[in-house]
Q: 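Just passing along the structure, written as structure tokens.
Side chains are part of it too, since the values below use all heavy atoms of this structure and drop only hydrogens, waters and symmetry mates.
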Amino acid sequence: MRLKQFMPRCLAFMAILSLWAFFALEACTASGDAVEGGSIPPVDKGGSSSVVSNSSSSKNSLHVDSTIFDMFDWVKIPKAAITRGVNSFGVNSFSMATTEVTQKVYEFVLKNLPKQPKTEDSVAVSNVSWFRAVLFCNAFSKLAGLDTAYVYKSIAGDSILVDLEINYSAASIRLPTENEWEVAARGGTSTTYYWDTDVASKYAYYGQTAGPDVVAQKLPNGFGLYDMAGNVAEWVNDWYDSYPKKQSDNYTGPESGVYRVVRGGGWSDKVTALAPKEREKLDPVHSKMTLGFRLVYSTGF
């Protein structure tokens, strides 16, 4: 073929490739609208913990509204396992917010606050039922341009979610599983408390009478997470029951139950309630001033 005949065809082919690349890179929401913002790197399946950088680029990155996602600092929790007796319970890597959800962020997302004293914006939100925490997770996911983990038929009574299912395969914001929470709270340690024999009050706000405190006022654990003990106790996803008697990876709790699990202890508790292994059970419609929650971001398992 002569050069004069070849060049126009070549240029046309290059133009088609450019258009294809433009549309392939355009991010969309579930409704098909384009999303502006940065990208969240996919969660690794192993390695050590590190702060998630929303400016990192990856072929598999999810494009989200970084102004929403960056309302929290996030730490990547490495793949790990908890041993209970002779059984091992493994969890995949995931990302967790370094602080509990605050009054400011809760009110921004859901446009209201549960009944509580309005003090400083950075005080941990409290008096939140499990169902309200779940609705917050879905709303935050939508605002950030992510999928939602909680699927339900309708809302009845005091925010009771009818026919609720949790989609753990979704790339979404949700509550941690009980095992994810404990792996994160331990911060890589195996001691009774993540501060070992150091002074507990340096790491945890507890034994108080004045209510929740501003988040991140105490020292963090080994993963850089604040208030994993004290301040407000934290809801997790699982129904409460005895642990299974066989090894299980990415265990998400019983299929049904009466109570949901609460972890971490609150601002009015004694130090013994702050150990990462300690559990509490509450009706998911229940709320109290010592009870709040924190978020995880997972690409699914």
Side-chain angles (χ1 to χ4, degrees), residues 82-85 87 89 91 94 96-97 100-101 106 114-116 124-138 149-150 152 155-166 168 174-186 192-194 204-208 211-212 225 227-248 250-296:
I82 299 169
T83 301
R84 298 189 177 101
N87 298 317
F89 299 89
V91 297
F94 61 96
M96 177 174 272
E100 294 157 334
V101 175
Y106 187 98
K115 186 177 181 180
Q116 62 198 275
V125 71
S126 60
N127 207 27
V128 182
S129 72
W130 186 88
F131 287 117
R132 285 286 182 181
V134 161
L135 289 172
F136 178 96
C137 290
N138 267 12
Y150 303 95
Y152 51 91
I155 302 177
D158 186 17
S159 301
I160 296 173
L161 306 182
V162 179
D163 294 337
L164 174 69
E165 295 181 359
I166 305 174
Y168 285 100
R174 56 172 172 78
L175 298 177
T177 67
E178 186 172 13
N179 286 340
E180 285 174 339
W181 188 95
E182 187 168 334
V183 164
R186 289 188 176 280
T192 301
Y193 304 101
Y194 58 77
Y205 178 74
Y206 70 99
Q208 304 293 319
L225 299 168
D227 303 314
M228 292 301 290
N231 206 4
V232 288
E234 301 177 11
W235 287 111
V236 299
N237 266 335
D238 303 32
W239 289 110
Y240 183 91
D241 201 350
S242 57
Y243 295 121
K245 298 186 182 301
K246 62 180 180 178
Q247 179 174 325
S248 178
N250 295 315
Y251 179 65
T252 57
E255 292 185 2
S256 61
V258 176
Y259 305 105
R260 295 283 182 176
V261 178
V262 175
R263 290 297 207 108
W267 49 267
S268 65
D269 284 319
K270 297 179 179 179
V271 70
T272 51
L274 308 185
K277 71 175 183 178
E278 294 299 317
R279 315 169 77 199
E280 185 181 358
K281 58 182 181 181
L282 287 173
D283 189 310
V285 301
H286 187 82
S287 60
K288 57 182 181 177
M289 289 300 297
T290 56
L291 186 58
F293 65 108
R294 83 172 64 216
L295 311 177
V296 301

Q: What verdict does the side-chain contact (heavy atoms from CB on, under 4.5 Å) test give for Val296 and Leu175, after you've listed the backbone C-alpha separation in whole Å, the side-chain angles of each residue and the deciding distance to 0.1 Å?
A: CA-CA 6 Å; Val296 301; Leu175 298 177; over 6 Å; no
Q: Looking at CZ of Arg174 and SG of Cys137, how far apart are the two atoms once the value is rounded to the nearest 0.5 Å?
A: 9.5 Å
Q: Taking all atoms of both residues into account, what is the closest heavy-atom pair of Asp227 and Asn231, and its distance?
A: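 Heavy atoms only, the tightest pair is OD2-ND2, 3.6 Å.
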Q: Quick check: does any side chain N or O of Asn127 sit under 3.5 Å from a backbone N or O of Pro114, one acting as donor and the other as acceptor?
A: no
Q: Looking only at non-hydrogen atoms, find the nearest pair between Trp267 and Val232 and report the distance.
A: CD1-CG1, 4.5 Å
Q: Mind checking the OH-CG spacing from Tyr205 to Leu274? Nearest 0.5 Å is all I need.
A: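 Rounded to the nearest 0.5 Å, the OH-CG separation comes out at 13.0 Å.
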Q: Taking side-chain hydrogen bond (donor to acceptor under 3.5 Å, both in side chains) as the test, write out the residues that go with Glu178, two or more places apart.
A: Tyr243, Arg263, Arg279
Q: Apply side-chain hydrogen bond (donor to acceptor under 3.5 Å, both in side chains) to Ser129 and list each qualifying residue two or more places apart in sequence or on a separate chain.
A: none
Q: Just jot down the salt bridge (Lys or Arg N to Asp or Glu O under 4.0 Å) partners of Lys281, sequence neighbours excluded, or say none.
A: none
Q: Any heavy-atom pair between the side chains of Leu282 and Tyr240 that's under 4.5 Å?
A: no
Q: Which pairs pass salt bridge (Lys or Arg N to Asp or Glu O under 4.0 Å) with one or both residues in residues 230-244, sequence neighbours excluded?
A: Glu234-Arg294
Q: Run Val134 and Tyr152 through side-chain contact (heavy atoms from CB on, under 4.5 Å) and show every step you take.
A: CA-CA 11 Å; Val134 161; Tyr152 51 91; 5.7 Å; no
Q: Between Trp130 and Val236 (side chain of the first, backbone of the second, donor and acceptor by atom type, cut-off under 3.5 Å), is there such a pair?
A: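 A pair under 3.5 Å: yes.
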Q: Please tell me if the side chains of Phe136 and Val101 come closer than 4.5 Å, counting only heavy atoms from C-beta onward.
A: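 They are in contact (side-chain heavy atoms under 4.5 Å apart), so the answer is yes.
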Q: Check Glu278 against Thr272 and note the closest heavy-atom contact, atom names and distance.
A: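 Taking every non-hydrogen atom into account, CG-O, 3.4 Å.
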Q: Using atom types as modelled, flag every donor-acceptor pair under 3.5 Å from a side chain in residues 251-262 to any protein atom, sequence neighbours excluded.
A:
from: Arg260; atom 1: NH1; to: Asn237; atom 2: O; distance (Å): 2.6

Q: So which atom in Phe94 and which in Ala184 form the shortest heavy-atom distance, rounded to 0.1 Å?
A: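 Heavy-atom minimum between the residues: CZ-CB, 4.3 Å.
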Q: Would you give the length of the straight line joining atom OG of Ser242 to atom CZ of Arg84, rounded to the nearest 0.5 angstrom?
A: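 Interatomic distance, Ser242 OG to Arg84 CZ, rounded to 0.5 Å: 11.5 Å.
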Q: Of the non-hydrogen atoms in Gln116 and Ala124, which two are nearest, and what is the gap between them?
A: OE1-O, 4.2 Å
Q: The test is side-chain contact (heavy atoms from CB on, under 4.5 Å); show your working for Met228 and Arg186 and say whether it passes.
A: CA-CA 9 Å; Met228 292 301 290; Arg186 289 188 176 280; over 6 Å; no
Q: Look at the side chain of Asn138 and the backbone N and O of Leu135, then say whether any donor-acceptor pair between them is shorter than 3.5 Å.
A: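 Such a contact is absent between Asn138 side chain and Leu135 backbone.
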Q: Which residues satisfy the side-chain hydrogen bond (donor to acceptor under 3.5 Å, both in side chains) test with Ser159, sequence neighbours excluded?
A: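 Residues passing side-chain hydrogen bond (donor to acceptor under 3.5 Å, both in side chains) with Ser159: Arg132.
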Q: To the nearest 0.5 Å, what is the distance between CZ (Phe131) and CD1 (Ile160)?
A: 5.5 Å
Q: Does any part of the side chain of Phe89, heavy atoms only, come nearer than 4.5 Å to the side chain of Val91, both counted from C-beta?
A: no
Q: Check Tyr194 against Ala229 and note the closest heavy-atom contact, atom names and distance.
A: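 Answer, listing the atom of Tyr194 first, then Ala229: OH-N, 3.5 Å.
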Q: So does Val128 get a backbone contact from the side chain of Trp235, meaning a donor-acceptor N/O pair under 3.5 Å?
A: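 A pair under 3.5 Å: yes.
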